[in-house]
Each structure stands twice: as C-alpha cells, then as structure tokens.
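Residue numbering restarts at 1 for every chain, and letters A, B, ... go by the order of the sequence lines.
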Amino acid sequence: MYWKNAFVHTLREVPSEAETISHKLMLRAGMIQKLSAGIYNYLPLGLRVIRKIEAIIRDEMEKCNATELLMPMVIPAELWQESGRWDYYGPELLRLTDRKNNPFLLGPTHEEVIVDVVRKSVRSYRDLPLCLFQIQTKFRDEVRPRYGLMRGREFIMKDAYSFHADQESLEEMYWAMYKAYAAIFGRCGLEFRAVEADSGTIGGSVTHEFHVLADSGEDTIAFCDSCDYAANVEKAAARQPLPAALPADASMPQEVATPGRTSIEDVASFLAVNPRDTVKMLIYEVDSEYYVAVCVRGDLVVNEVKLRTVLDAKAVTIPSDEIVRDKLKLAVGSMGPRNFPAGTVREVIADLSVRAMGKSVCGANRDGYHLTNVYPVRDLTFKRFEDVAVVVEGDPCPRCDGGRLKMRKGIEVGQVFKLGEKYSKPMSLTFLNDQDSPSLMTMGCYGIGVGRTAAAAVEQHHDDDGIIWPAAIAPYSVALLCLDTGSEEVYRLSKSIHDALEKNGIDVLLDDRTERPGVKFKDADLIGCPFRITVGLRGVKEGVVEFKRRHEKSLEKISKDSCAETILKIIGRQS
RNA sequence: CGGGGUGUAGCGCAGGCCGGUAGCGCACUUGGUUUGGGACCAAGGUGUCGUAGGUUCGAAUCCUAUCACCCCGACCA
C-alpha cells in the first residue's frame with residue numbers, strides 16, 4: 001500500500017476532546033474520527049486494526065464450532081416485548097418508529113433475535129448443541145460516552161450465543177469459549193486476566209469477564225497473589241474473619257459527646273481510635289420503594305453491587321441527608337446499630353466484617369453523640385450478616401490459605417455468560433428431547449468488544465512517540481519509509497522492497513510522500529507499525545537500508561540487495 | 001440526571017469584562033532555499049464567531065432561549 005492511497009491523515013495536535021491515551025493516539029494517528037458523541041468513523045488505518053482483530057476472533061470461534069451469521073441492527077419491538085426487556089431496559093435503549101409508527105429499537109445486544117432465529121428452525125435435540133455468532137455494530141445510548149472507542153454509543157461487538165439440551169452441554173461450551181477468549185486476547189498480544197464477575201442485568205449466574213490490564217482501566221480487579229482466584233471488585237470476596245469473642249473484662253457501652261463530628265474520620269480522630277474500630281452505618285434507598293440500613297467496619301466501603309444482589313434489587317442509592325433526617329427521622333452522622341430506631345427502614349444489614357470487630361465505636365442515634373465500648377457480638381441485636389463490603393488490597397484470599405488479594409485496573413474487553421433459560425423461557429425456545437417431550441433450551445452468550453479491544457491494546461502498548469501495535473493486530477506490519485522520493489534510485493529500491501514484501505503476504509505501508517524525513521519518522525512512530533524500514537540516499541550510497549523494531553531503539557543495517565529476503569526472514573521469525 | 005466548563009478557519013487557541021474593519025500558531029496553495037527526527041523565507045486562500053431571538057446607529061462581544069460537545073459524579077452485557 002502506498003501512503004498516498006492509504007488515506008492516512010495524522011494530526012500534530014491533539015483534538016481537545018481526547019483525554020485518554022488510546023483516544024488521543026487513535027485520533028492523532030488518523031485511525032478514527034468523531035462523528036458525534038460516542039460515534040466514530042473508522043478510517044482506513046483503524047479499520048485495518050479492527051479487521052485483524054475480527055479475523056482472529058473468527059478463527060477462534062470456528063475452532064469452537066461456532067458459525068457466523070449476521071442479524072439486523074434494527075429490531076422490531078415485538079421481540080423485546082416478548083422477552084420483557086422492552087420495559088425493563090432503560091433509556092440506554094434507542095427506540096424508534098418506522099413510517100407506519102411501528103416501534104423498533106437499535107440492538108444493544110441480540111439475545112431476542114437469535115432466540116427467534118433458532119426457534120424458527122431447531123426442533124430436535126439432534127440439532128444441539130449449537131453456537132452462532134456475529135460481528136455487528138451495536139448501539140447503546142450511553143449516559144456518558146467517553147474515551148473514544150473505549151466507551152462509545154455505537155460500537156462493534158462480536159456476540160455469540162449457544163443453545164443446549166442440558167446443563168452439561170452448556171458447561172462444556174462455556175469453558176470452550178473461555179479458552180477461545182484466552183486464545184483470542186493472547187493472540188492479540190494483550191496482557192489480560194479472566195475474572196469472576198457480577199452477572200448484572202443480563203441475568204444468569206456464572207460469568208467471567210476478560211480484562212486487559214491497564215492503569216487507565218475503568219474497572220478494578222482483585223486477584224490472589226498465590227492462587228488463580230481473580231474477580232471484578234464488584235464481585236470479589238475476601239475470606240471472612242471469624243466472629244470475635246467477647247473478652248471477659250468487656251465494659252458496657254458508654255455515650256460520649258462528639259459535637260460536630262459526623263464522618264468516620266472525624267469521629268475516629270476525635271476519640272483517638274483507628275477507623276478500623278468504628279462501625280459505619282449508611283441508609284440506602286432500594287428500588288425507590290423502601291430503605292435499608294447498612295453497617296460496615298469504619299474503614300471499609302459498601303459494595304453497592306453486592307448489596308443489590310443481597311437485596312435482589314435493581315437499584316440502590318444513597319438518599320440525601322434531608323430525607324434521612326426529616327423523612328426517616330434518623331440522626332445523620334450519628335447513626336449506629338445499637339438500639340437503632342429501625343421503624344422507618346425495612347431492615348438492617350451488617351457486613352460480615354462487623355461481626356469480627358471487638359471493642360468499637362458507633363453512632364448513638366442521637367445528634368452529636370457516639371457510643372464507645374460497643375462489642376458487636378454482644379451489643380448488636382440484628383441478625384442479618386452479609387458480605388456487602390468492597391475488598392481491599394491485602395485481604396485474605398477466599399480460595400486458598402495464605403494468599404492475599406492484590407488490585408489492578410482493567411479494561412473489560414470480553415465476557416462469557418451462562419444465560420440458562422432467561423430468554424428461552426419467556427420466548428418459548430423449546431426442542432423435543434430424546435424422550436419425545438418438549439423441553440426448554442438452555443443458553444450461553446459470549447461477547448467481545450472489538451473496538452474496545454483495539455483501544456485497550458493502545459492503552460497497553462504505547463510510548464511517548466505513539467502507538468506500538470502488537471504484531472498480530474497492527475494496521476501494517478511494516479512502515480517503509482522512502483526518505484528521498486526525488487532520487488530515482490531510492491524510490492525504485494523502495495518500490496521493489498514494497499513489492500517483494502507484498503508478494504510474500506506482508507502488509508507494508510510505503511511512505512512515498514515528498515515530506516521531510518523528520519515528518520516521516522514521527523508519523524511512523526505515531527502509527528506504530530511493529531517494523532520500520534528506512535530507505536534513504538545516505539544508506540543507499542553505502543549499499544544498505546535500515547531496519548528497526550518499533551519497540552526498540554537500535555537499528556540494523558541490511559544490505560540493500562538482499563534486504564527483502566533478510567527482512568522476510570526476520571519478520572517471519574517474529575510473527 | 002446532578003455539578004462544572006466550552007462552542008471563533010481543517011486542528012489548537014486568543015479576542016469578549018470595556019460593542020466599532022475577525023486574529024495568532026499549525027495545516028493548506030504557490031515560488032524559492034533546505035533535506036536522516038514534526039525546516040526556513042516570501043506571497044496567498046480559508047470563517048453564516050453553535051443556532052434563534054432581543055437590546056443598539058452598530059453585536060463574536062451585552063441579554064434571553066435553545067442546541068451541541070467536553071470534564072467530574074451517578075449509571076453501564
């Protein structure tokens with residue numbers, strides 16, 4: 001490919017909208033271009049990266065006996081009404097009507113459609129198991145799209161759906177997909193981690209997310225430093241300590257004045273105790289219907305995802321101080337679980353950490369007062385203990401002895417789900433089993449954010465000069481710089497190298513512009529092809545061209561006459 | 001959706017308080033000099049100042065409304 005034909009337009013300055021590295025670099029490298037908030041044009045260079053990722057995905061999907069199809073992006077509302085998601089899904093779902101005023105939606109995911117596809121065709125257990133996938137543009141009207149391809153409204157996703165006669169078959173496919181995902185991200189040259197996760201609104205029970213490790217990630221993952229336990233922090237559990245024993249000399253709770261101290265930090269320092277020895281109590285509003293009180297050890301944070309799961313709720317939010325004070329008649333800043341006036345809340349839930357506490361401080365349920373000498377095992381009367389706290393670095397691993405949890409930031413690029421009968425039931429996806437009786441299919445679904453994978457690769461592989469693409473997903477393997485387009489000899493040599501590489505199946509981008517060398521070097525670094533070949537007057541006079549790897553400083557000089565073969569050998573060895 | 005901010009040339013920005021010929025850098029075009037890490041000189045083109053209304057002799061500037069975009073938060077297979 002010749003640069004002049006490749007539609008590569010790099011930017012020297014960063015458009016002001018970009019914040020994250022991948023967003024900035026992909027814009028500057030001329031890979032993407034914004035059309036609207038969270039909606040991007042994929043320019044030729046960016047599209048090549050997308051296509052390479054897609055090719056790897058297709059290859060691995062086919063190894064799992066998954067077959068590709070393509071479903072429409074515009075979906076009749078009817079199907080979603082059938083599954084119940086038409087009402088359940090919030091404003092993230094873009095709804096539209098056609099000229100006859102019939103309701104449609106832009107697909108944010110395709111469970112309903114695939115179920116419809118399969119139920120129209122599959123009747124017998126003999127057709128199962130079955131796995132179908134597509135690579136399609138999705139639309140989710142995100143509240144706040146940001147970070148370029150990382151969190152767009154329109155985005156390309158690979159989604160696969162599997163159908164099974166029984167749980168064992170689903171299990172088998174689930175782990176086959178799990179392995180395929182590991183292979184895909186490995187082949188893309190990414191450092192990633194598969195983690196246990198919360199299954200969220202899509203439903204189902206067991207799920208793993210695949211995260212590319214990068215400091216800029218939006219998710220936090222916790223993993224054990226000695227075994228292979230890893231989980232999204234939303235889900236991560238720690239080994240819970242045993243309930244504390246009550247010391248024989250334990251004295252009775254005592255009310256102390258703590259004027260104006262309403263935060264854990266203030267109360268702890270005022271009473272000269274560690275925040276670990278205080279009990280924090282928070283009020284949550286659940287599904288806009290009722291309230292609960294939640295206690296955690298003072299230094300911990302309530303995990304709202306866990307809380308939601310524990311309450312089987314859709315949403316939990318912290319109400320304003322005014323509501324807590326005026327409507328619930330509670331002492332904001334001085335709430336505590338001992339003698340808690342629970343009349344206005346449905347129940348009190350305590351984190352397991354509280355049970356393990358010894359002598360503690362908690363609110364006295366009276367403005368400006370706290371209690372000291374509280375022993376939760378003795379003084380707290382409520383019964384419900386749950387794991388509702390966010391784990392912290394150093395917590396003991398829930399799986400193994402002696403392991404400690406560590407934290408990293410991750411970018412979620414893929415997820416595998418066991419859906420079970422969540423869609424097959426409301427949509428009557430049945431088959432005849434070998435007993436000749438109708439039975440519900442059980443399903444799995446498996447997604448990969450293709451654009452997000454590209455962005456994650458940039459987050460993980462770049463330097464001050466630009467992108468450093470992993471070889472397998474680079475837009476071109478080789479940036480071939482012809483420094484002196486005015487010289488017949490240099491130009492001819494450049495072209496012959498270009499042709500020889502292309503003939504051997506190597507992607508090569510020949511910079512044939514009449515630009516100064518500095519510009520070409522800068523652009524080559526920015527675009528980030530793994531290999532660079534420089535053909536210039538200076539080298540040609542000595543009979544050499546230069547070969548450089550994007551991630552290394554050093555250059556190799558290669559005889560110009562045998563350079564195509566030499567380079568083929570080097571690249572063949574590496575990729 | 002709550003809080004904050006920005007819309008002026010393709011990109012990055014100044015101008016705005018204090019109304020009076022719309023500017024700078026990069027990019028682009030032409031000519032020349034340069035030529036191995038984003039060159040230099042000269043000349044040139046480029047705008048409904050986000051949109052609509054209002055105040056005024058006169059609005060990028062003041063007022064009102066509105067739209068878009070960005071950041072923080074909430075939200076998110």
**Student:** Less than 4.5 Å apart, any side-chain heavy atom of A:Ile221 and any of A:Lys409?
**Tutor:** no

**Student:** Which nucleotide in the list B:U35, B:G25, B:G36 gets nearest to the side chain of A:Arg516?
**Tutor:**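 Closest of the options to the side chain of A:Arg516: B:U35.
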
**Student:** A:Lys306 and A:Ala237: which non-hydrogen atoms are nearest, and at how many Å?
**Tutor:** NZ-CA, 4.1 Å

**Student:** Under 3.5 Å, is there a donor on one side chain and an acceptor on the other for A:His208 and A:Tyr446?
**Tutor:** no

**Student:** Look at the side chain of A:Asp484 and the base of B:G36, then say whether one donor and one acceptor between them are separated by less than 3.5 Å.
**Tutor:** no

**Student:** Need to verify one output field. Residue with the more 5' nearest nucleotide on RNA chain B, A:His23 or A:Leu483?
**Tutor:** A:Leu483

**Student:** Ignoring hydrogens and angles, are the base of B:G38 and the side chain of A:Arg28 linked by a donor-acceptor pair under 3.5 Å?
**Tutor:**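 Side chain to base: pair present.
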
**Student:** Just the rounded figure in Å: distance from P of B:G38 to CG of A:Asp511.
**Tutor:** 15 Å

**Student:** Answer yes or no: is there a donor N or O on one side and an acceptor on the other, between the side chain of A:Glu459 and the main chain of A:Ser22, under 3.5 Å?
**Tutor:**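 A pair under 3.5 Å: yes.
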
**Student:** Answer with base, sugar-phosphate or nothing: what part of the nucleic acid does A:Thr317 contact at a heavy-atom distance below 4.0 Å?
**Tutor:**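 Nothing: the residue A:Thr317, judged by heavy atoms under 4.0 Å, touches no strand.
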
**Student:** For B:U64, which nucleotide is its Watson-Crick or G-U wobble mate, given both distances must be under 3.5 Å?
**Tutor:** B:A52

**Student:** In this structure, how many angstroms lie between the P atom of B:C69 and the CZ atom of A:Arg153, rounded?
**Tutor:**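 Roughly 6 Å, once rounded to whole Å.
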
**Student:** Given B:C26, B:C76, B:G36, which nucleotide is nearest the side-chain atoms of A:Phe521?
**Tutor:** B:G36

**Student:** Quickly work out the A:Glu13 CD to B:C26 C1' distance and round it to whole Å.
**Tutor:**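 For the pair A:Glu13 CD and B:C26 C1', the rounded distance is 5 Å.
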
**Student:** Any chance the side chains of A:Arg308 and A:Tyr284 put a donor and an acceptor closer than 3.5 Å?
**Tutor:** no

**Student:** Would you mind reading off the distance between A:Glu285 atom CD and B:C75 atom P, rounded to a whole angstrom?
**Tutor:**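 Going from A:Glu285 (CD) to B:C75 (P), I get 13 Å.
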
**Student:** On RNA chain B, check which nucleotide each of A:Arg151 and A:Lys34 is closest to and give me the residue with the more 5' one.
**Tutor:** A:Lys34

**Student:** Nearest whole Å is fine: how far is B:G2 C1' from A:Ile318 CD1?
**Tutor:** 15 Å

**Student:** Closer than 4.0 Å, any side-chain N/O of A:Ser16 to the OP1 or OP2 of B:C70?
**Tutor:** no

**Student:** Between the base of B:G38 and the side chain of A:Asp523, is there a donor-acceptor distance below 3.5 Å?
**Tutor:**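 When only heavy-atom distances are counted, A:Asp523 does reach the base of B:G38 through a donor-acceptor pair under 3.5 Å.
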
**Student:** Using purine N1 to pyrimidine N3 plus N6-O4 or O6-N4 for Watson-Crick, or N1-O2 and O6-N3 for G-U wobble, both under 3.5 Å, which nucleotide pairs with B:A74?
**Tutor:** none

**Student:** Where the side chain of A:Glu546 is defined as all heavy atoms beyond and including C-beta, which of B:G37, B:C76, B:G36 is the nearest nucleotide?
**Tutor:**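 Comparing B:G37, B:C76, B:G36 against the side chain of A:Glu546, the answer is B:G36.
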
**Student:** Find the distance A:Arg550:CZ to B:G37:P and express it as a whole number of Å.
**Tutor:** 17 Å

**Student:** With no angle test and no hydrogens, is the base of B:G38 tied to the side chain of A:Glu515 by a donor-acceptor pair under 3.5 Å?
**Tutor:**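 It does not, because no donor-acceptor pair links the side chain of A:Glu515 to the base of B:G38 below 3.5 Å.
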
**Student:** Which base, if any, makes a Watson-Crick or G-U wobble pair with B:C28, both distances under 3.5 Å?
**Tutor:** B:G44

**Student:** Between A:Thr207 and A:Gln415, do the side chains contain an N or O donor and an N or O acceptor separated by less than 3.5 Å?
**Tutor:**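 Yes - a donor-acceptor pair under 3.5 Å links their side chains.
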
**Student:** I'd like to know if the side chain of A:Asp511 reaches the main chain of A:Cys482, judged simply by a donor and an acceptor atom lying under 3.5 Å from each other, with no hydrogens or angles considered.
**Tutor:**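 Pair absent, no side-chain N/O of A:Asp511 close to backbone of A:Cys482.
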
**Student:** With no angle test and no hydrogens, is the base of B:C76 tied to the side chain of A:Arg144 by a donor-acceptor pair under 3.5 Å?
**Tutor:**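 Per atom types, no contact qualifies.
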
**Student:** Quick one: A:Asp321 CG to B:G2 C1', roughly how many Å, whole number?
**Tutor:**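 From A:Asp321 CG to B:G2 C1': 15 Å.
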
**Student:** Nearest to the A:Pro15 side chain among B:A39, B:C11, B:G37, which nucleotide is it?
**Tutor:**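 The closest nucleotide is B:C11.
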
**Student:** Let me know the distance between CD of A:Glu304 and P of B:A74, rounded to the nearest Å.
**Tutor:** 8 Å

**Student:** May I ask you to say what A:Phe155 touches in the nucleic acid, namely base, sugar-phosphate or nothing, with a heavy-atom cut-off under 4.0 Å?
**Tutor:**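 A:Phe155: base contact, heavy atoms under 4.0 Å.
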
**Student:** Quick check: any donor-acceptor pair below 3.5 Å linking the side-chain of A:Arg146 to the base of B:G73?
**Tutor:**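 Result: no qualifying N/O pair found.
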
**Student:** Between B:C76, B:C70, B:C26, which nucleotide gets closest to the side-chain atoms of A:Arg12?
**Tutor:**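 Nearest to the side-chain atoms of A:Arg12, counting from C-beta on, is B:C26.
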
